[in-house]
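As structure tokens, the structure follows; a few thoughts come after it.
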Amino acid sequence: MLKGIATSSGIAIGKVYKLEQPKIVVNEEKCEPAKELEVFENALSKTIADIEKIKEKAGASLADEELAIFDAHLMMAQDPELKDQITAMINEGKSADLATKTVSDTMIAMFESLEDTYFKERAADIKDVSFRLLCNILGLSIPDLTTIDEEVVIVAEEMTPSDTAQLNKKYALGFVTEIGGKTSHAAIMAVSLGIPAVVGCTGVMENCKHGDTIILDAKEGVVIINPTDDEVAEYTRKRDEFLQEKEALKALVNQPSISKDGHQVELVANIGSPKDMESVIENGAEGVGLYRTEFLYMESTEDFPDEDSQFEAYKVVLEQAQGHRVVVRTLDIGGDKKLPYFEFDPEMNPFLGYRAIRLCLDRKDIFRTQVRALLRASVYGKLAIMFPMIATVDEFRNAKNFVLENKEELKKEGVEVSEDIEIGMMVEIPACAVLADEFAKYADFFSIGTNDLIQYSMAADRMSEKVAYLYQPLNPSILRLIKMTIDGAHSQGRWCGMCGEMGGDPKAAPVLLGLGLDEFSMSASRILPTRKIITSLSKKDMEELAAKALKCNTEEEVLKLVNEVL
Ligand code: PEP
Ligand code: MG
């Protein structure tokens, strides 16, 4: 039995498909530049065409958020600086392959040396692109996973984003890799595809061969090669149980989210693009609690998306929500979210810097395009507009007035705008939680962004692995901030939601129900499990639990209380 990192849920039992990548051996002899330049140019064009082809194929099974990886790959392959550096080495007499390997290895090492997980992941992207380029230079073929036509479990040293994107869910029962962590692309893609995967499983390549039988338990991170009959029987039973549970949850798709004692809450979804709406409907979400519009801006490579293209995206989402509320968050760029066509001035602490609503209020030209697109789309459904990173009441009032001014302008132009648009804000800066009752005089609703609220309350960068232990959603300090926010909203008759990861955390659900949270927004795949929890609890009992939790000292103590009821 081998152990790895569990990334998704589910169990796979099947035959091994061992993904063996070609070995790269570069030519270190002195070469004729003209000939090598031609080889390099041809290989580069083929690499770009290959990535475009993979992206097109992947479009059928992946959401836009994941597809954006391929745009990043295309950008890298077309990066003039990379090309200049390689060409310069070729002109010095190096072979095309040696030049490419030297330049890309330097870049990979540079990114890998950075602390930040985001940049470490970029190293994986450069590896993926440069490996393809090297294979094309050397005339080596990369195994084509799209040709798999029987049920297999893929075993690989590493799954690159392009490998994962080529998987056909019908035949790929799951995958296991030697390399990779919980936040690696491969892991994220596995969740998105809904297939079991175990990553970081050292020794798996060495211990199996093509055609062996393999068991993969993606919940426990367990891998068994050539299992005994008893093991096959045990895991077949576990797999069937898992599938039955999944099936049973489906019965909750059209059910309301009501506690045992009759208290109703809303379970809604977080989305990043109109394409995500399919899974929102499938999972029985009662609307959209957070539409992160920055992906629209990140996908665009040349310039800010124009009013019409934004209008189209918002219209599709509103129409597909079938009358349910759609909370659209205005542009939240800056911090870790950069745009290829917009230069941010360097700052010591970009997370505490010029970003989100701060940027939008400063650059009304950029903000106006989005606000107009939203207002125009408002007649196609039930729109709510939400501003990110609000810190002061004035910021909120300015942003809200800006929306209302634009509404009047559009009406003057003869454009129809809904009269029923809620305008609210994210509570992700502690200052807002503390002053929630005052904010609630102006905001129609709150949505608590716990990812940032926790990072700012604990002063712990959410991208840093070393301080990840301070991400403590159930720490009583955070619970008190949440309580202030909910009570603040209710004091003015407003509703309060939550759209950070905590909103879909099963351990948080009992306390949040007890604190009186009205709306829980989460990844669509979390909706049904959360509905199951909510319907099994009594609001009154959870109020008592929450009161005890607020008086605890540590997160551990709160977790103990929660585990007693779950
Ligand atoms: C949050 O901060 O909790 C949130 C939902 O926003 P994001 O994760 O996009 O910063
Ligand atoms: Mg945030």
Side-chain angles (χ1 to χ4, degrees), residues 63-66 68 116-118 183 188 191 266-273 276 280 285 287-299 326-339 344 349-360 370 384-391 395-396 399 424-433 436 445-464 468 470-475 478-479 481-482 485-486 496-505 508 512 517 519-524 526-527 530:
D64 280 5
E65 284 180 51
E66 283 82 32
D116 198 311
T117 31
Y118 175 80
T183 58
I188 293 167
V191 176
E266 273 177 63
L267 298 188
V268 293
N270 291 352
I271 64 165
S273 102
D276 300 338
V280 170
V288 171
L290 169 66
Y291 176 4
R292 289 184 162 101
T293 57
E294 53 274 15
F295 290 106
L296 252 172
Y297 290 75
M298 294 202 293
E299 267 164 26
V326 173
V327 181
V328 182
R329 176 171 78 184
T330 60
L331 183 58
D332 183 7
I333 207 74
D336 60 328
K337 298 168 192 151
K338 300 278 191 277
L339 299 176
F344 283 88
N349 291 301
F351 269 104
L352 302 181
Y354 185 65
R355 55 173 294 201
I357 199 67
R358 303 166 181 189
L359 184 153
C360 285
Q370 180 171 42
I385 298 177
M386 166 163 89
F387 308 123
M389 297 297 298
I390 291 284
E395 276 177 345
F396 180 79
M425 55 181 266
M426 295 206 49
V427 174
E428 44 191 348
I429 297 180
C432 288
F445 65 92
F446 295 150
S447 185
I448 308 177
T450 47
N451 306 340
D452 279 315
L453 183 67
I454 297 170
Q455 113 162 316
Y456 296 130
S457 303
M458 296 286 184
D461 187 341
R462 64 195 258 193
M463 307 290 278
S464 162
L470 287 168
Y471 174 78
Q472 294 185 9
L474 289 171
N475 188 294
I478 302 296
L479 296 181
L481 287 171
I482 292 170
T485 310
I486 297 173
C496 183
M498 177 178 287
C499 59
E501 287 305 300
M502 184 178 182
D505 179 349
L512 295 174
L517 190 74
E519 180 233 48
F520 299 58
S521 193
M522 62 199 78
S523 142
R526 297 273 348 132
I527 297 275
T530 308

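Everything quoted here is computed from the prediction, not taken from an experiment. Start at 1 and go down the list; that is how both ligands and their atoms are numbered.
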Next item on the list: Within a distance under 4.0 Å of any heavy atom of M426, pick out the atoms of ligand 1 and give their elements.
Entry: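 Taking each heavy atom of M426 in turn, ligand 1 has 4 (C), 5 (C) under 4.0 Å.
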Margin query: Out of all atoms in ligand 1, which are within 4.0 Å of some heavy atom of C499? Include the element for each.
Written below: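 Matching atoms, with element in brackets: 5 (C).
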Margin query: Can you report which non-hydrogen protein atom sits closest to atom 6 (O) of ligand 1, along with the distance?
Written below: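 Nearest protein contact, heavy atoms only, for atom 6 (O) of ligand 1 is R329 NH1, 2.9 Å.
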Item checked: 2.8 Å cut-off met by an N, O or S atom of D332 to the Mg ion (ligand 2) ->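 So D332 does not count as coordinating the Mg ion (ligand 2).
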Notebook entry, point to check: Can you tell me the angle formed at the Mg ion (ligand 2) by OE1 of E428 and OD2 of D452, to 10°?
Noted result: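 My answer is 90°, to the nearest 10°.
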Next item on the list: Would you check the N or O atoms of E501, main chain and side chain alike, for any that come under 3.5 Å of an N or O of ligand 1?
Entry: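 N/O-N/O distance below 3.5 Å does not exist for this pair.
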Check: Mind checking whether R355 has an N or O less than 3.5 Å away from an N or O of ligand 1?
Finding: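 No, no N or O pair falls under 3.5 Å.
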Hey, does [Y] have a side-chain heavy atom less than 4.5 Å from the side chain of [X]?
| X | Y | result |
| --- | --- | --- |
| M522 | I527 | yes |
| L474 | M502 | yes |
| D452 | R462 | yes |

Check whether [X] reaches the backbone of [Y] with its side chain - one donor and one acceptor, N or O, closer than 3.5 Å.
| X | Y | value |
| --- | --- | --- |
| T293 | R329 | yes |
| R292 | N270 | no |
| E395 | I357 | no |

Margin query: I want to confirm something. Looking only at heavy atoms, which of M389, R292, E428, R462 is nearest to atom 10 (O) of ligand 1?
Written below: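 The option holding the nearest heavy atom is R462.
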Check: Is M502 in contact with ligand 1, taking contact as a heavy-atom separation below 4.0 Å?
Finding: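 Flag not set, M502 not near ligand 1.
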Next item on the list: Answer yes or no: does atom CD of E501 have more than 12 heavy-atom neighbours from other residues, nucleotides or ligands under 6.0 Å?
Entry: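 Result for CD/E501: open.
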